[in-house]
Amino acid sequence: PAAVYGRVAPLIVEIGSGQGHAIVHAASGRPGDDFLAVEVFRAGLARTMRDADRTGARNLRLVEANAPEVLEHLLPAASVSELWVFFPDPWHKKKHTKRRLVTADFARLAARALRPDGMLRLATDWEDYAQQMRAVLDAAPEFERAFDGEWAPRFDGRVLTAFERKGERAGRAIRDLAYRPATP
Ligand SMILES: C[S@@+](CC[C@H](N)C(=O)[O-])C[C@H]1O[C@@H](n2cnc3c(N)ncnc32)[C@H](O)[C@@H]1O
């Protein structure tokens, strides 16, 4: 990261950045941090680049790649300050739930990339996926909860995206979760 961004700064990685609303907003508002958008949807990446250009953000890079491979092979171990997963594809039909991103394997890869003082933040509007995320991460030896009560408070660094609005309009509750790497 130091070579890519030309400096040493906290690195925030968003997986499945979609149209880039959250990460462009964050990058332009936090010039002291570096940002990486990971996405497979090319039109979303194009939109992200256009919007980043308009805001003049210099601290954002994009990678068109499959997120688990980025976590495993592209990012150095213990290099990421925050990892964001907001509204990942819900795969809500029963026969498709095995395609979901947040699994025990994902937890292992996320923990590898995160710094020991890092943070994993997630949000979804699908209740059963929220429960799956929480069950998987509660059970993962690599992570511990960074919230009290049932769910984390809404992360105030998260801008309202079309996916959140759609979920809200459909009457679905938005669930936030936050986990930190477990202390050995
Ligand atoms: C439901 S959208 C949410 C986008 C954005 N986070 C938001 O809240 O508006 C999920 C995004 O994750 C991307 N995605 C799905 N699987 C991915 C993977 N394996 N690696 C990278 N991106 C992925 C999709 O292309 C899609 O843009």
Side-chain angles (χ1 to χ4, degrees), residues 4 11-30 33 35-52 54-55 57 60-75 79-93 95-114 119-133 136-137 151-179:
V4 170
L11 178 62
I12 290 83
V13 176
E14 183 176 17
I15 285 176
S17 47
Q19 307 280 347
H21 295 135
I23 201 156
V24 169
H25 177 84
S28 57
R30 293 166 60 178
D33 296 335
F35 291 83
L36 179 69
V38 182
E39 183 47 77
V40 288
F41 168 46
R42 189 171 281 191
L45 287 165
R47 169 81 178 255
T48 306
M49 285 196 277
R50 189 199 64 185
D51 289 352
R54 284 186 181 158
T55 67
L60 172 61
R61 303 289 183 274
L62 288 73
V63 58
E64 182 181 0
N66 178 31
E69 293 175 62
V70 170
L71 292 174
E72 188 164 14
H73 301 296
L74 184 76
L75 292 163
S79 62
V80 175
S81 290
E82 286 199 26
L83 188 61
W84 295 351
V85 186
F86 299 153
F87 303 92
D89 291 329
W91 298 113
H92 54 290
K93 290 192 184 135
K95 63 176 190 242
H96 289 155
T97 51
K98 59 179 178 301
R99 298 186 191 172
R100 285 176 171 172
L101 178 74
V102 182
T103 60
D105 276 348
F106 172 83
R108 192 175 43 76
L109 297 178
R112 178 198 158 273
L114 274 170
M119 188 72 82
L120 170 64
R121 298 186 186 282
L122 310 102
T124 182
D125 57 330
W126 288 92
E127 186 70 20
D128 73 313
Y129 198 5
Q131 290 189 15
Q132 173 180 331
M133 290 174 176
V136 161
L137 294 165
W151 304 101
R154 189 183 191 286
F155 170 45
D156 60 9
R158 197 158 66 64
V159 297
L160 190 72
T161 70
F163 287 96
E164 180 166 5
R165 250 195 317 270
K166 201 169 136 200
E168 273 182 341
R169 251 190 256 127
R172 294 192 289 269
I174 311 298
R175 303 298 191 198
D176 278 72
L177 289 165
Y179 283 80

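In each ligand, atom 1 is the first atom listed, and ligand 1 is the first ligand listed. Note that this is a predicted model, so its numbers are computed, not measured.
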Practice problem: Would you mind listing which atoms of ligand 1 come within a distance below 4.0 Å of any non-hydrogen atom of A65? | Solution: 20 (N), 21 (C)
Quiz prompt | Ion pair check, E64 and R42, cut-off under 4.0 Å | solution = yes
Quiz item: Looking at R172, K166, R175, which one forms a salt bridge (charged side-chain N to carboxylate O under 4.0 Å, His left out) with D125?
Solution: R172
Quiz item: Parallel, tilted or perpendicular for W91 and H96, by the 30°/60° rule?
Solution: perpendicular
Quiz item: Which residue owns the protein heavy atom closest to atom 17 (C) of ligand 1, what's the atom, and how far is it?
Solution: V40 CG2, 4.0 Å
Quiz item: Which of these, E164, R158, R165, sits in a side-chain contact (heavy atoms from CB on, under 4.5 Å) with T161?
Solution: E164
Quiz item: What protein heavy atom is closest to atom 20 (N) of ligand 1, reported as residue, atom name and distance in Å?
Solution: A67 N, 2.9 Å
Practice problem: In plain terms, say whether R108 and E72 are close enough for a salt bridge, that is, a side-chain N and a carboxylate O under 4.0 Å apart. | Solution: no
Practice problem: Would you mind listing which atoms of ligand 1 come within a distance below 4.0 Å of any non-hydrogen atom of E14? | Solution: 6 (N)
Practice problem: Below 4.0 angstrom from a heavy atom of N66, which ligand 1 atoms are there? Numbered from 1 as shown, please. | Solution: 18 (C), 19 (N), 20 (N)
Quiz item: Which ligand 1 atoms, with their elements, are less than 4.0 angstrom from a heavy-atom of F86?
Solution: 3 (C), 5 (C), 6 (N), 8 (O)
Exercise. Go through the side-chain N and O atoms of E69 and N66 and say whether any donor and acceptor fall under 3.5 Å apart.
Key: yes
Practice problem: Compute both the distance and the angle, then confirm whether R100 meets the cation-pi test with Y129: under 6.0 Å from the six-membered ring centre, within 45 degrees of the axis. | Solution: yes
Quiz item: Which residue owns the protein heavy atom closest to atom 3 (C) of ligand 1, what's the atom, and how far is it?
Solution: F87 O, 3.1 Å
Quiz prompt | F41: numbered ligand 1 atoms lying under 4.0 Å from its heavy atoms | solution = 25 (O)
Self-check item: Closest protein heavy atom (residue, atom, distance) for atom 15 (C) of ligand 1
Solution: D89 OD2, 3.2 Å
Quiz item: Please state which protein non-hydrogen atom is closest to atom 27 (O) of ligand 1 and give its distance, to 0.1 Å?
Solution: E39 OE1, 2.8 Å
Quiz item: Can you tell me the protein heavy atom closest to atom 12 (O) of ligand 1 and the distance?
Solution: G16 CA, 3.4 Å
